[in-house]
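In each ligand, atom 1 is the first atom listed, and ligand 1 is the first ligand listed. Note that the structure is a prediction, hence the values are computed from the model and not measured.
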Amino acid sequence: MSVLICGGAGYIGSHMVRWLTERDHEVMVLDNLSTGHREAVQWGQLVEADLMDPASLDRVFARRNVDAVMHFCARSLVGESVAQPYAYYANNVTGTLNLLEAMRRHDVKRLVFSSTAAVFGNPVADVIDEEHPKTPINPYGASKLMVERILTDAAEAYGLRSVALRYFNAAGATSDACIGEAHACETHLIPNVLKSALGTGPALKLFGDDYATPDGTCVRDYVHVEDLAQAHLLAVDYLQDHPGAHAFNLGNGRGFSVREVIETAATVVGNSIDYEVAPRRTGDPAVLVASSSKAREQLGWTPAWTELGPIIESAWRWHQSQPW
Ligand code: UFG
């Protein structure tokens, strides 16, 4: 299969590139390198192009036949989306529309789209399944939900087949520490914990210990980046026999508190990890845990990384290998 990976120089996209290449698929990477890294594209062919430039998309699709597109390009920082909503709607919605138009012009009918738990907003259930109300509380989540709606309309109007995969907390790195999570502006918990353990990041802050959770800190569902890659490939196969627009939640179904993450990381690195308790971060729901029964049953998804320790260990090996 020939797959175009939009955003393949980024964190999840680069793991996808490797996953597909190892399984003998042909990969072409489209990335504008605004947040992605040239050195993360170690397999496949990198084409620098921008979703905001439709002519550049035509040049990409003209290069070779594409059987399916996986779309990872997005701005994805919740706080930034609140401060710069236009940038989020332009990049995440208009950019995706440009991609969809180009796919239509070049008769490409299968898409896997990176969606997010942020489409649900503040949860009203302990475990979030696909039927949970979708009331995003920030422009990032709203922009992703808009695209999900566009995909439903595109299925009806143009016969586009799509799967939206709603990631909970993506984490970890390849076992051989070849690629990992490298954001210029890091906001995520696990990399921040590991960078503070290495002494390469700022002092760790724990945002809020007064939530209505067992230890007062936020609870999240961490899912390994290679398990996300596995789900994308299964999703493309699923579209072979399933027309329409589909959505699946991806998580391990188990929540870990921020304190549990810090304690597990301390065991992994073999040292205690200092932190200070800071005020709550705006827009953080107390608990986000996925039900992924639908993905398991319908896609045949079986996450391999079900324990938090090995997920953090994989991230730690990669962090240690970096020059920083
Ligand atoms: N946290 C800290 N200190 C840090 C970083 C994070 O205490 O330095 C806390 C956060 O406040 C939160 C938890 O750790 O309680 C997890 O935070 P992350 O930033 O790692 O991840 P989020 O849960 O905020 O983000 C995830 C996805 C987003 C999605 C969001 C929806 O990564 O794509 O959930 O709320 F939008």
Side-chain angles (χ1 to χ4, degrees), residues 7 10-13 35 72-82 85 88 91-92 113-124 128 132 134-148 164-172 181 183 185-198 200-225 228 249-252 255-265 273-290 308 311-312 315 319:
Y11 170 42
I12 305 173
T35 54
F72 297 91
C73 301
R75 286 181 172 242
S76 61
L77 301 179
V78 169
E80 187 183 68
S81 80
V82 176
Y88 273 69
N91 195 87
N92 296 1
F113 170 65
S114 298
S115 191
T116 170
V119 300
F120 296 110
N122 281 321
V124 293
I128 301 174
H132 185 285
K134 288 152 206 87
T135 47
I137 54 171
N138 51 61
Y140 169 59
S143 70
K144 291 285 185 174
L145 188 58
M146 282 179 193
V147 172
E148 289 196 15
L165 295 176
R166 302 182 187 127
Y167 319 148
F168 280 60
N169 287 62
E181 185 170 9
H183 297 117
C185 163
E186 192 51 78
T187 62
H188 291 111
L189 178 63
I190 292 176
N192 279 351
V193 170
L194 298 181
K195 281 179 159 184
S196 95
L198 273 175
T200 57
L204 182 64
K205 289 187 176 163
L206 185 163
F207 298 124
D209 66 351
D210 57 351
Y211 287 94
T213 59
D215 69 11
T217 69
C218 288
V219 171
R220 293 289 181 272
D221 182 340
Y222 295 90
V223 55
H224 194 271
V225 63
L228 296 180
N249 295 354
L250 297 180
N252 269 311
F256 294 93
S257 73
V258 176
R259 278 215 172 89
E260 285 173 318
V261 170
I262 297 171
E263 279 159 17
T264 308
I273 293 172
D274 295 334
Y275 61 87
E276 73 178 65
V277 175
R280 291 180 177 199
R281 200 171 63 173
T282 312
D284 275 344
V287 180
L288 280 176
V289 177
L308 183 61
I311 293 177
I312 295 179
H319 272 81

**Asked** Angle class for the Y88/Y140 ring planes (parallel below 30°, perpendicular above 60°, tilted otherwise)?
**Response** perpendicular
**Request:** To the nearest 0.5 Å, tell me how far T187 OG1 sits from R281 CZ.
**Result:** 5.5 Å
**Proximity of R280 to ligand 1 by residue part, where a heavy atom lies under 4.0 Å** = neither
**Prompt:** Which ligand 1 atoms, with their elements, are less than 4.0 angstrom from a heavy-atom of N192?
**Reply:** 4 (C), 5 (C), 8 (O)
**Request:** Give the numbers and elements of all ligand 1 atoms closer than 4.0 Å to a heavy atom of V258.
**Result:** 7 (O), 9 (C), 13 (C), 14 (O), 15 (O)
**Asked** Where is the nearest protein heavy atom to atom 24 (O) of ligand 1: which residue, which atom, and how far?
**Response** R281 NH2, 2.8 Å
**Asked** Taking only heavy atoms of L206, which atoms of ligand 1 are found under 4.0 Å from at least one of them?
**Response** 7 (O)
**Asked** Taking C-beta and beyond as the side chain, do V82 and T282 meet within less than 4.5 Å on heavy atoms?
**Response** no
**Asked** Can you list the ligand 1 atoms lying under 4.0 Å from a non-hydrogen atom of V78?
**Response** 36 (F)
**Fill in**
For V223 and N252 the tightest heavy-atom approach is CA-ND2, 3.9 Å
**Fill in**
With heavy atoms and a 4.0 Å threshold, my read on which part of L288 contacts ligand 1 is side chain
**Prompt:** Which atoms form the tightest heavy-atom contact between D215 and S257, and what is the distance?
**Reply:** OD2-OG, 2.6 Å
**Complete:** the protein heavy atom lying closest to atom 7 (O) of ligand 1 turns out to be F207 N, 2.9 Å
**Prompt:** Is it true that E148 and K134 make a salt bridge, defined as a side-chain N closer than 4.0 Å to a carboxylate O?
**Reply:** no
**Request:** May I ask you to list the atoms of ligand 1 that are less than 4.0 angstrom from any heavy atom of C218?
**Result:** 15 (O)
**Request:** Give, for atom CD1 of I262 and atom OG of S196, the distance between the pair rounded to the nearest 0.5 Å.
**Result:** 8.0 Å
**Request:** Give the contacting part of Y140 toward ligand 1: side chain, backbone, both or neither, where contact means a heavy-atom distance below 4.0 Å.
**Result:** side chain
**Item:** Heteroatom distance test (P285, ligand 1): nitrogen or oxygen, under 3.5 angstrom
**Value:** no
**Asked** Any idea which atoms of ligand 1 are less than 4.0 Å away from a heavy-atom of T116?
**Response** 29 (C), 33 (O), 36 (F)
**Fill in**
re atom 32 (O) of ligand 1, the protein heavy-atom contact at minimum distance is H188 NE2, 3.3 Å
**Item:** Closest non-hydrogen atom pair between K144 and A74, with its separation
**Value:** NZ-CB, 3.4 Å
**Request:** State, to 0.1 Å, how close I312 and V261 come at their nearest heavy-atom pair, and which atoms those are.
**Result:** CD1-O, 3.9 Å
**Message:** If I apply the N/O under 3.5 Å rule, does S76 come out as touching ligand 1?
**Reply:** no
**Message:** Tell me the contacting part of R220 for ligand 1: side chain, backbone, both, or neither, using a 4.0 Å heavy-atom threshold, strictly below.
**Reply:** side chain
**Asked** Closest non-hydrogen protein atom to atom 22 (P) of ligand 1, residue and atom name please, with distance?
**Response** N169 ND2, 3.5 Å
**Item:** Distance from atom 20 (O) of ligand 1 to nearest protein heavy atom, with residue and atom
**Value:** L189 N, 2.8 Å
**Asked** Looking only at protein heavy atoms, which one is nearest to atom 12 (C) of ligand 1, and how far off is it?
**Response** D284 OD2, 3.7 Å
**Request:** Write out the residue and atom name of the closest protein heavy atom to atom 3 (N) of ligand 1, then the distance separating them to 0.1 Å.
**Result:** K205 O, 2.8 Å
**Prompt:** Got a second to check how far N249's CG is from H132's NE2, nearest 0.5 Å?
**Reply:** 10.0 Å
**Asked** Quick one: nearest non-hydrogen protein atom to atom 27 (C) of ligand 1, plus distance?
**Response** F168 O, 4.1 Å
**Prompt:** Rounded to the nearest 0.5 Å, how far does CG of D284 lie from CZ of F207?
**Reply:** 8.5 Å
**Item:** N-O pairing of E186 and K195 below 4.0 Å
**Value:** no
